[in-house]
Amino acid sequence: MNHDTDHPDTHASQPQAAGWTFEIPPRLRFLDEDGRLADGATPPLPDDRVRDLYAHMSRARIFDDRLLKLQRQGRIGTFAPCFGQEACQVGSMAALTSDDWFVPAFREAAAALYRGASMKAILLYAMGFEEGQAVPRGVRDLPVAIPIGSQIAHAVGLAWAMKRKKDKGIAICFFGDGATSEGVTHESINFAAVLRIPTIFFCQNNQWAISTPRRIQTASETIAQKAIAHGIRGIQVDGNDVLAVYAATKEAADIARSTGMSTLIEGITFRRGVHTTADDPRVYRTQEEEDAWVKRDPIDRVRKYLEARGSWSAEDQATLESRVNAETQTAMAEAEAFRDAKPDALLMFDHAYAQMDPYLARQRQEAEDALEGRSVLQTISKRIGKTGSSSVVGELEEAE
Amino acid sequence: MTAINQSAAPSTEPMKTERITMVQAINRALDEEMARDPSIILLGEDIGVDGGVFRVTQGLQAKYGNDRVVDTPLTEAGIVGVGIGLAIGGMRPVCEIQFSGFMNYCFEQIQPHASRFRQRTCGSQTVPMVVRAPSGGGIRALEHHSESEEVMYVHTPGLVVLMPSGPRTAYGLLKAALRSPDPVIFFEPKSIYRAIKEDVPIGGGALPIGKAEVAQQGTDVTVVTWGAMLKRTREALADLKDVSVEIVDLLTLNPLDHDAIIASVKKTGRLVVIHEAPRTAGLAGEIYARVCEDAFYHLRAPMTRVCGWDVPFPLLAREAAYLPDKQRIAAAILKVMQD
Ligand SMILES: Cc1ncc(C[n+]2csc(CCOP(=O)(O)OP(=O)(O)O)c2C)c(N)n1
Ligand SMILES: [Mg+2]
């Protein structure tokens, strides 16, 4: 582990990993669309681990599906489903440990759940409560980051802090194909490359940035190749093959830990659902495209793989589904109980600064007086947006 | 609410109007101006095929082509920086930033460049560009989608900052923006995008930049406000029948209509300013200062303001505790009446 020592002369030391040639290797894949292992390939994980990954992916899918229903019922606000991207998120997380930092964008519920985030916390955030973002102290997860690309820099800083403290962790950040157009993405990757800060840049290329297709987001043939210009490793994986994602991330993590070399992983996947809950993909993409990706679904694929190996049964499936459904229901009951217990509407004052100055304290009092005991928490939507009619976030009041 | 009073089109015929929302009014202004001026080019994220995330540019790409209504890569600094080049190069770019909360990425282009080109080149190179962005809260949106950042741009000399308060003013002000020789930041209060319908002219003219409108005449109290807070103020006044309130709707936030504010305060002797943005260093402070300078001896009561609190904008569950509501507005008006 030589990343424990800072490189005093970053220009002199070409940050190359042993044997790395700065070419983009062929896209990594273990499982084909029917879950068949590639000829001659050895699975990177034993079946009991794969069963575990499959269970995590399914759990995220069931939860995501439930969130969508809750949003349609007006019980939670807008959110960005992770539908279709479970292999990218679970496969990568499985290759890392809780000593590593996890830096999400805003579509990484599957990764967050794998890391141990509670369904209740995710629900509270979707209901608009800051309490849902209160990451337990000591947990190396950042909350979601909505300004596109902004979080990538934070991952580099977190990885750098660990390097300075001789901590064994590395950092992984997630971002989309759209984020590759923002300056901060490249500023951050360059920073990590030059200072040799061990970071994994995981781009979930889900083919769309809202209505903007990948083809008009960048003229590069691959996103992975952008790594070459920055002087770090770049690889493409089949992002709907959880084994490939696991193997790619594991290798990137091993190299990062031992050499400080960063990797840009491009996971080829597809946003199977809406961008967010008020978006209508029918405006900008075809049914044929969506259908093509149904066949490549990451969850079906790994289940077929396990079934063929006799490692997953209909009974296992039924048990899993009933366990996760119950878990989801309990979490929602807990989140709604939290809401119904009338949490303080003025919490926003309490965490703005370490210490509230007297003038701010006076404003808090004014706010409390103005409420006169009225409950102004907005917990149930009065206007559940018709998809596609108005906005991709939030709900607009409509004139008669 | 009917006919436009300051229409630029000198016509004896009554203007044809249609009752539409602010989204439709902005769309119409863009459409009519694009037909008039071939140098206008729209650029932004998801504005073409999708018609923008609020559907403001719906139909325009189909009508004017994808070289005039351009779905750009996801880069705010790029959109505005390239827009500056387009403007200096003789085009008239209209940059859509999906939400004002994401304008921080392009502030580095707006402040050092858009606002300064005219001055640094003694007027030889100018940036006639419009940056449009939905702003403000009130729609139960995600994080970073509800802030009101107008004062950051008002505090950047060289920019014109506009904020309409409904369909009619959105239409007239955007027409003015598209004819302005200076860069314009055009904030669209998203909570009223579809909440109000008004008669908006077809083929109408521009409203003047730098002019406030007296939205309601009164004699006891002046309320100065803008954007979505005009509607909120009107809602508050419905419960305050005994007070004669004059509402000054600023419309242009920079340059401020100084004379209109001073004249109204001299008339009423009382001032309440209402804005969504945080209180400290909000525009109310500047308005207070000007009143102190030019109408101090006309004041009959201490001025007051109803603003967002001095804290980061909360998530949606607590949004209503942050934004000025009709109760707080009414209480402020009653308070200046008692003082
Ligand atoms: C700086 C910034 N600009 C615009 C947006 C609005 N926005 C939210 S998601 C999104 C598309 C992101 O696409 P991508 O990076 O591919 O991620 P995906 O949504 O596909 O997961 C946009 C434009 C934003 N959140 N931040
Ligand atoms: Mg994407």
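If you're wondering where the values come from, they're calculated on a predicted model, not measured in any experiment. The sequence lines fix the lettering, A, B, ..., with proteins before strands; numbering per chain opens at 1.
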task: Please state whether the side chain, the backbone, both or neither of A/Phe106 comes within less than 4.5 Å of a heavy atom of chain B.
output: neither
- prompt: Considering only heavy atoms from C-beta outward, does the side chain of A/Glu130 approach that of B/Pro314 to under 4.5 Å?
  reply: yes
task: Grab the two heavy atoms, one from B/Ala195 and one from A/Ala399, that are nearest each other, plus how far apart they are.
output: O-CB, 3.4 Å
Heavy-atom proximity to chain A below 4.5 Å, by part of B/Asp325: side chain
task: Check whether any side-chain heavy atom of A/Tyr125 lies under 4.5 Å from a side-chain heavy atom of B/Glu143, and answer yes or no.
output: yes
Where B/Val311 and A/Ala352 come nearest, the two heavy atoms and their spacing: CG1-CB, 4.0 Å
query: Which answer fits A/Met127, side chain, backbone, both or neither, if we ask what part of it has an atom under 4.5 Å from a heavy atom of chain B?
result: backbone
query: Heavy-atom distance under 4.5 Å to chain B: side chain of A/Ile216, backbone, both or neither?
result: both
query: With a 4.0 Å cut-off, would you call B/Asp310 and A/Arg362 a salt bridge?
result: no
message: Would the distance check show the side chain of B/Tyr105 and the main-chain N or O of A/Ser150 forming a donor-acceptor pair, the cut-off being under 3.5 Å?
response: yes
message: Which atoms of A/Ile76 are under 4.5 Å from chain B, going by heavy atoms: the side chain, the backbone, both sets, or neither?
response: backbone
query: Is there a side-chain contact between B/Leu316 and A/Phe129 (heavy atoms, below 4.5 Å)?
result: no
message: Hydrogens and angles aside, do B/Asp71 and A/Thr212 bring a side-chain donor and acceptor to less than 3.5 Å of each other?
response: no
task: Identify which part of A/Asp344 has an atom lying under 4.5 Å from any heavy atom of chain B, answering side chain, backbone, both or neither.
output: backbone
query: Using a distance-only test with no angle check, is there a side-chain donor-acceptor pair under 3.5 angstrom linking A/Glu397 and B/Tyr193?
result: no
statement: Note: vs chain A, highest number of non-hydrogen pairs under 4.5 angstrom among B/Lys190, B/Glu45, B/Lys197 is B/Lys197
- prompt: Taking all atoms of both residues into account, what is the closest heavy-atom pair of A/Ala345 and B/Ala321, and its distance?
  reply: O-CB, 3.7 Å
Region of A/Arg339 that comes under 4.5 Å of a non-hydrogen atom in chain B: neither
message: Report, in residue-number order, which members of residues 141-148 of chain A are under 4.5 Å from chain B by heavy-atom distance.
response: A/Val144, A/Ile146, A/Pro147, A/Ile148
- prompt: What part of B/Thr280 lies closer than 4.5 angstrom to a heavy atom of chain A: side chain, backbone, both or neither?
  reply: side chain
message: Looking at B/Arg328 and A/Glu366, is any side-chain nitrogen of the basic one under 4.0 Å from a carboxylate oxygen of the acidic one?
response: no
query: Do A/Gln217 side-chain atoms and B/Leu74 backbone N/O form a donor-acceptor pair below 3.5 Å?
result: yes
message: Need one label for A/Ala179: side chain, backbone, both or neither, based on atoms under 4.5 Å from any heavy atom in chain B.
response: backbone
- prompt: If we ignore angles and hydrogens, is there a donor and acceptor under 3.5 Å between the side chains of B/Arg318 and A/Gln378?
  reply: no
message: Determine whether a donor-acceptor pair (N or O, by modelled atom type, separation under 3.5 Å) exists between the side chain of B/Asp46 and the backbone of A/Ser211.
response: yes
